[in-house]
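Here is the structure we will look at.
Computed from a predicted structure; not experimentally measured.
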Amino acid sequence: VADLRRDPEEKVTDVVEAVTGETTTPSPPYRKVSTRSSTQTSSPKPPGTSTPRTGLWLAIGGIVVTIFVGLTVALPIWLTTRGSDGVAQGPLGLGREVSLLTPEGYDIFLDALEEKTGSYEAFSVVIYPGYAVVDVPVDSTSQRKFGWYFNGDWRESAGAGTSNDERFSADQIDGDVVARGIKRAKARVEEPTNWYVIVEAPNPDRDNACVAAYASNKFSESSYVLLRCDGSVIEQR
């Protein structure tokens, strides 16, 4: 900010005009006052004007206030919904971290799904450590679906639509199978940073695969493992 300082002998009219775009009444010239005088007089400024330094501090203050307000709102939410390794906590973890991609976490999801919809039926389930996205049937016969997002609490995800997938019961897949698939996928990638599982009805065109586990790292290197509902591995890359 050293370049913001001005020579006391210079007028500030040009600065005010450059900022406001209007011609203002120039300030009276700066007058030196004897240091022996007990009373000093200062040059009055036109009302409503400010120096560049004042504007700078106002801008900095506005930025600080914005950051503070943002952190005040966002940080508590982030801390109560995320843990290390992207794991959900709070309502989902019952006060501790629980990944949905563990046997315990998958059971929590199944219980929540049954409580929310009255059954375990779904067209597809995509599970990350801290949340799941599930397409559930709207009725007992059609392909109509509704998308939900779960991270301990439920909220609408993709909304209403139709699905091309077959409906299945999510409880026919054990949480151990989900955890086993993720463990294999992560082991095939160096320092994985992201992983998830897709659970669907057994696909006869893919040797009855019903679980697909994926993992990737910051270099976009990835792997996947296909498993049957009983946990037997069909393919891994």
Under the side-chain hydrogen bond (donor to acceptor under 3.5 Å, both in side chains) test, residues paired with E200 that sit two or more places apart: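 With neighbours one apart ignored, the set is empty.
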
Smallest separation among heavy atoms of [X] and [Y], with atom names:
| X | Y | value |
| --- | --- | --- |
| L100 | G130 | CD1-C, 4.2 Å |
| A185 | V225 | N-CG2, 3.8 Å |
| V125 | A122 | CG2-CB, 4.0 Å |

Please round to the nearest 0.5 Å and tell me the distance separating atom [atom1] of [X] and atom [atom2] of [Y].
| X | Y | atom1 | atom2 | result |
| --- | --- | --- | --- | --- |
| Y120 | F109 | OH | CZ | 11.0 Å |
| T102 | D176 | OG1 | CG | 9.5 Å |
| I198 | C210 | CD1 | SG | 12.5 Å |
| S223 | E190 | OG | CD | 12.5 Å |
| Q172 | D230 | CD | CG | 11.0 Å |
| R188 | Q236 | CZ | CD | 4.5 Å |

With the side chain counted from C-beta on, respond yes when [X] and [Y] share a heavy-atom pair under 4.5 Å apart, and no when they do not.
| X | Y | answer |
| --- | --- | --- |
| Y106 | I173 | yes |
| F150 | V134 | no |
| Q143 | F123 | yes |
| P202 | C229 | yes |
| R206 | I234 | no |
| T117 | F146 | no |
| D135 | D165 | no |
| L113 | W154 | yes |

Does a sphere of radius 6.0 Å around [atom1] in [X] hold more than 12 heavy atoms from other residues, nucleotides or ligands, not counting ones at 6.0 Å or beyond?
| X | atom1 | value |
| --- | --- | --- |
| R180 | CZ | yes |
| E156 | CD | yes |
| D139 | CG | yes |

For the hydrophobic clusters of this structure (ILVMFWY residues joined by side-chain heavy atoms under 4.5 Å, transitively), does one cluster hold both L226 and V189?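 In one cluster with L226: V189, no.
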
Connected via hydrophobic side-chain network under 4.5 Å: V197 and W148: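 Hydrophobic grouping puts V197 with W148.
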
Please identify which of these residues, K145, R167, K116, meets the salt bridge (Lys or Arg N to Asp or Glu O under 4.0 Å) condition with E121.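 Of the listed residues K145, R167, K116, the salt bridge (Lys or Arg N to Asp or Glu O under 4.0 Å) partner of E121 is R167.
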
Knowing that exactly one of Y128, Y149, Y196 qualifies, which makes a side-chain contact (heavy atoms from CB on, under 4.5 Å) with V133?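 Exactly one pass, corresponding to Y149.
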
Is the backbone N or O of E191 less than 3.5 Å from a side-chain atom of N217, with the two atoms forming a donor-acceptor pair by type?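 Such a contact is absent between N217 side chain and E191 backbone.
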
Can a donor-acceptor pair be found, under 3.5 Å and without considering hydrogens, that links the side chain of N203 to the backbone of D205?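 Looks like yes, one N/O pair under 3.5 Å.
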
